Participant: 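My structure is below; once you've seen it, I'll send some questions.
This structure is a prediction, so every number in the text was calculated from the model and none was measured.
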Amino acid sequence: MTPSEDPALVRVLAADGSLAHTAAAEPYLPIIEALSDADLELFYRDMAVIRAFDQQATNLQRQGQLALWPPSFGQEAAQVGSARAARPQDHLFPSYREHVVARIRGVDMLDIIRVMRGLTHGGWNPVDPKNGNTHLYTLVLGAQTLHATGLAMSMAFDGRCGTGDPERDEAVIVYYGDGASSQGDVHEAMVFAASYRTPEVFFLQNNQWAISVPVSTQSRTPLYRRGEGIGIPSIQVDGNDVLASYAVSRVALDEARAGEGPRAIEAMTYRMGAHTTSDDPTKYRTAEEEQSWALRDPIERMRLFLRGRGASDAFFADVEAEGRALAEDVRVRTVALETLQTGQIFDNVYASPHPLVDEERAWLARYEASFEEGAS
């Protein structure tokens, strides 16, 4: 399984960190050339720090602190580039492994930990300004595309896009994977998006495997062409190239905000770890395949690029220290988390008190009391 050689692929950085853009990348070069050294270093910092967090979270699950963990190992560039391209007023709909997207928008990483520990219904409040319009993780494959399209339709109906004021116009970006792209929800969301010209970007991270099913089984054609079939302008980008991901996402979001309708992006990347910590990828893919993709590591690619531009040892040491500090902070706060209060499972089921919920709460109280010493 090798990276796409589709002539439509947008790539700026080669695997060795050198600038070697494809023909399809030409229109995006001015955006990349306008990036400052600080912008470029921020992209690297985002990717490297979230990988340290991701590795710590994986370790916490292995040690029994979490029920499950979905690693983002290998997909950092696709996520960082797209999230950094969004404006503050935009809304972001993740699936369940967009950890750095959430962090960039302001979500506390412990809120994701609490979801995977089973201590919360959702993790964070998506309407709290501190969370940057980041909507909740969605474990039902593809369902978030319907949620995103619904919100984007309301933006179109309410005149919140296409006004000509880029500081006010809004857009939505929704993340999903190659496996989810086969779900009916995704296709239905795209149909409605195309019909109502929603200000929306469908961001597909093609990490080559839907758990144990390769993308070659899922589709006989490149996945970005599915959007084209519905009438959504679509593009394929090297998802391990953070510069290409940023530029392509920036243009797509700008066009969506301007009222030009939805856009679709297929980011060609690779899940270098397991699907989740309940998965064993050695059962269905080879070490040779993993090693070939390891040579295209998005963080190493950007590190080599920055080295070539003169980034200092002190910069890389500072990034490494920040990653260690975040990982340690998350570990300490995770271990200190208290257990779930039973009554929380009844909260927010309905907007107002409901007799059936009251009945279930009373039944559970009686059931638990039956296990008290001497009572059962």
Side-chain angles (χ1 to χ4, degrees), residues 57 60-61 64-70 91-99 101-103 105-155 157-158 172-177 179-180 183-186 188-189 192-193 198 200 275-278 330 333-372 375-376:
L60 286 167
Q61 193 283 328
Q65 295 292 334
L66 305 179
L68 186 73
W69 185 252
H91 286 253
L92 289 76
F93 285 79
S95 56
Y96 50 75
R97 70 174 82 245
E98 283 71 38
H99 314 316
V101 172
R103 184 169 190 262
R105 301 295 286 192
V107 174
D108 185 343
M109 292 295 92
L110 195 70
D111 285 341
I112 300 177
I113 292 291
R114 293 191 305 120
V115 172
M116 301 302 166
R117 193 176 167 99
L119 299 181
T120 171
H121 287 299
W124 58 90
N125 183 352
V127 301
D128 189 326
K130 72 179 183 181
N131 294 319
N133 294 330
T134 308
H135 294 260
L136 301 180
Y137 273 13
T138 305
L139 291 124
V140 178
L141 288 185
Q144 70 275 15
T145 59
L146 294 173
H147 308 158
T149 298
L151 179 59
M153 286 172 63
S154 75
M155 291 176 178
F157 294 157
D158 295 342
V172 166
I173 182 169
V174 57
Y175 295 87
Y176 59 107
Q183 295 287 329
D185 283 0
V186 174
E188 292 165 11
F192 272 81
T198 60
E200 180 176 10
H275 174 71
T276 69
T277 46
S278 64
V330 166
R333 291 197 292 154
T334 298
V335 174
L337 286 170
E338 298 180 356
T339 58
L340 177 70
Q341 297 300 309
T342 305
Q344 287 182 245
I345 64 175
F346 300 105
D347 295 341
N348 303 314
V349 176
Y350 291 96
S352 57
H354 195 286
L356 288 178
V357 174
D358 293 339
E359 181 182 333
E360 290 172 352
R361 184 185 288 107
W363 176 89
L364 182 60
R366 293 194 301 272
Y367 177 75
E368 290 189 327
S370 71
F371 290 95
E372 294 178 3
S376 61

Participant: Drop me the distance from Gln65's CD to Leu337's CG, to the nearest 0.5 angstrom.
Facilitator: 8.5 Å

Participant: Tell me if a side-chain donor or acceptor on Thr120 pairs with a main-chain N or O of Gly122 at a distance below 3.5 Å.
Facilitator: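 It does hold such a pair.
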
Participant: Provide the closest heavy-atom pair for Ile112 versus Ala102 in the form atom of the first, atom of the second, distance.
Facilitator: CD1-CB, 4.0 Å

Participant: Between Ala57 and Ile113, which heavy-atom pair has the shortest distance, and what is it?
Facilitator: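 For Ala57 and Ile113, the tightest heavy-atom pair comes out as CB-CD1, 4.1 Å.
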
Participant: Which atom names give the shortest non-hydrogen contact between Val172 and Ala148, and what distance separates them?
Facilitator: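 Looking at all heavy atoms of both residues, the shortest contact is CG1-CB, 3.6 Å.
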
Participant: Report the C-alpha separation of Ile173 and Val101 in whole Å, then their side-chain angles, then the decisive distance to 0.1 Å, and conclude whether the side chain to side chain contact (heavy atoms under 4.5 Å, CB included) test is met.
Facilitator: CA-CA 11 Å; Ile173 182 169; Val101 172; over 6 Å; no

Participant: Would you give the length of the straight line joining atom CG of Asp347 to atom CD of Gln341, rounded to the nearest 0.5 angstrom?
Facilitator: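 So the CG of Asp347 and the CD of Gln341 are separated by 10.5 Å.
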
Participant: Within this structure, what is the OG1-CD distance for the pair Thr334 and Gln61, rounded to the nearest 0.5 Å?
Facilitator: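 Spacing of OG1 (Thr334) from CD (Gln61) equals 12.5 Å.
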
Participant: Where do Glu200 and Ala152 come nearest, in terms of heavy atoms and distance?
Facilitator: OE1-CB, 3.8 Å

Participant: Quick one: OG1 on Thr134 to CG on Asn125, what's the gap to the nearest 0.5 Å?
Facilitator: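 Result: 11.5 Å between the selected atoms.
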
Participant: Side chains of Val174 and Thr149: does their closest heavy-atom pair fall under 4.5 Å?
Facilitator: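 Side chain of Val174 against side chain of Thr149, heavy atoms only: no contact under 4.5 Å found.
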
Participant: CZ of Arg97 to OG1 of Thr276: how many Å apart, nearest 0.5 Å?
Facilitator: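 If we round to the nearest 0.5 Å, Arg97:CZ and Thr276:OG1 are 7.5 Å apart.
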
Participant: What is the minimum heavy-atom distance between Leu119 and Gln344, and which atoms define it?
Facilitator: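 That would be O-NE2, 4.0 Å.
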
Participant: If you round to the nearest 0.5 Å, how far is OG of Ser95 from OH of Tyr175?
Facilitator: 10.0 Å

Participant: Indicate the atoms forming the closest heavy-atom contact of Leu136 with Pro126, along with that distance.
Facilitator: CD2-CD, 4.1 Å

Participant: Are side-chain heavy atoms of Met155 and Thr198 found at a separation under 4.5 Å?
Facilitator: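 Contact flag for Met155/Thr198 side chains = no.
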
Participant: Do Pro94 and His99 come within less than 4.5 Å of each other through their side chains, counting heavy atoms only?
Facilitator: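 Sidechains of His99 and Pro94: no contact.
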
Participant: Side chain to side chain contact (heavy atoms under 4.5 Å, CB included) for Tyr96 and Gln144? Distances and angles first, verdict last.
Facilitator: CA-CA 10 Å; Tyr96 50 75; Gln144 70 275 15; over 6 Å; no

Participant: Name all residues meeting the ring-ring contact (aromatic ring centres under 6.0 Å, His included) criterion together with His135; count only those two or more places apart in sequence or in a different chain, and write none if there are none.
Facilitator: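 Counting only residues at least two positions away or on another chain, His135 forms a ring-ring contact (aromatic ring centres under 6.0 Å, His included) with His91, Phe93.
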
Participant: Name the residue from Arg333, Lys130, Arg114, Arg103 that meets the salt bridge (charged side-chain N to carboxylate O under 4.0 Å, His left out) definition with Asp108.
Facilitator: Arg333

Participant: Which atom pairs, donor and acceptor, lie under 3.5 Å between side-chain atoms of residues 349-367 and protein residues at least two apart or in another chain?
Facilitator:
from: His354; atom 1: ND1; to: Leu356; atom 2: N; distance (Å): 3.1
from: Asp358; atom 1: OD1; to: Arg361; atom 2: NH1; distance (Å): 3.1

Participant: Looking at side-chain heavy atoms only, is the closest gap between Thr145 and Phe192 below 4.5 Å?
Facilitator: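 No; the side chains remain at least 4.5 Å from each other.
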
Participant: Should we say atom CG of Asn348 is surrounded by more than 12 heavy atoms from elsewhere, each under 6.0 Å from it?
Facilitator: no

Participant: Is there a side-chain contact between Leu66 and Thr277, using heavy atoms and a 4.5 Å cut-off?
Facilitator: no

